[in-house]
Amino acid sequence: MINRQFQLLLSLILLMLALGAEAAPLNITDAWIKNLPPVVPMRAGYMQIENSSDTPYRITGVESEVFTTIDIHESIEKNGMMSMQPISSLVIEAGTTVKLAPGGIHLMMMEPKQVLKPGDRVNISLEYDNGSTQILQMTVRQ
């Protein structure tokens with residue numbers, strides 16, 4: 001009887017560890033949101049995303065309770081003019097690091113539902129094509 005209970009407990013612990021590893025597949029650092037005056041209806045978000053696994057990950061969506069919508073955008077130069085265009089997903093290949101930065105790939109965060117100021121922290125949820133999500137905090141800064 002005790003042996004069976006021990007086996008069940010061990011299986012439960014292993015399952016929890018496996019689920020925990022899946023819940024945070026990427027190492028995200030330097031996650032921040034550009035501070036702008038409250039009258040500006042959008043913000044830009046930046047971060048560094050490292051995939052140290054041997055599996056590529058595809059980010060297909062981004063959500064937050066603080067913004068109406070968040071899209072992944074890319075700044076591109078076309079005919080000498082800079083413009084932004086949405087991209088449907090962002091692939092982080094195995095063993096690579098992708099930097100979301102001004103003038104490149106970034107998060108376009110629309111219509112904040114509250115006034116944000118430097119130092120505020122905002123929870124963001126990254127959604128992956130395998131159905132998992134990863135929660136991170138982004139800091140508002142100048």
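- Under the 4.5 Å side-chain criterion, counting only non-hydrogen atoms from C-beta, Lys113 is not in contact with Val66.
- Gln85 has its side chain within reach of Ile76: a pair of non-hydrogen atoms, C-beta onward, lies under 4.5 Å apart.
- Residues Ile28 and Val122 fall within the same hydrophobic cluster, defined by Ile, Leu, Val, Met, Phe, Trp and Tyr side chains chained together at heavy-atom separations under 4.5 Å.
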Item checked: side-chain contact (heavy atoms from CB on, under 4.5 Å) between Thr97 and Ile49, intermediate numbers included -> CA-CA 5 Å; Thr97 299; Ile49 307 170; 6.0 Å; no

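- Cluster membership for Ile87 and Leu126, using ILVMFWY side-chain heavy atoms within less than 4.5 angstrom, is shared.
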Margin query: Go through it in stages, so that I can follow the logic: the residues are Met108 and Ile70, the test is side-chain contact (heavy atoms from CB on, under 4.5 Å), and I'd like the CA-CA distance, side-chain angles, deciding distance and then a yes or no.
Written below: CA-CA 6 Å; Met108 183 56 64; Ile70 302 176; over 6 Å; no

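- Between Tyr46 and His106, the angle of the ring planes lies from 30° to 60°, which puts this pair in the tilted group.
- Residues Ile33 and Phe67 form a side-chain contact, since some pair of their non-hydrogen atoms from C-beta on lies under 4.5 Å apart.
- Ile124 and Met42 fall into different hydrophobic clusters, where Ile, Leu, Val, Met, Phe, Trp and Tyr side chains are chained together by heavy-atom contacts under 4.5 Å.
- With a 4.5 Å cut-off on side-chain heavy atoms, Tyr128 and Ile92 do not count as touching.
- Put simply, Leu26 and Leu136 are part of the same group of oily side chains (I, L, V, M, F, W, Y) that touch within less than 4.5 Å, one to the next.
- Heavy-atom neighbours of Met82 CE from other residues, nucleotides or ligands within 6.0 Å: above the threshold of 12.
- Between Arg141 and Asp120, none of the side-chain N atoms (NZ, or NE/NH1/NH2) sits under 4.0 Å from a carboxylate O, so this pair counts as no salt bridge.
- In Gln48, the CD atom is crowded: over 12 heavy atoms of neighbouring residues, nucleotides or ligands sit closer than 6.0 Å.
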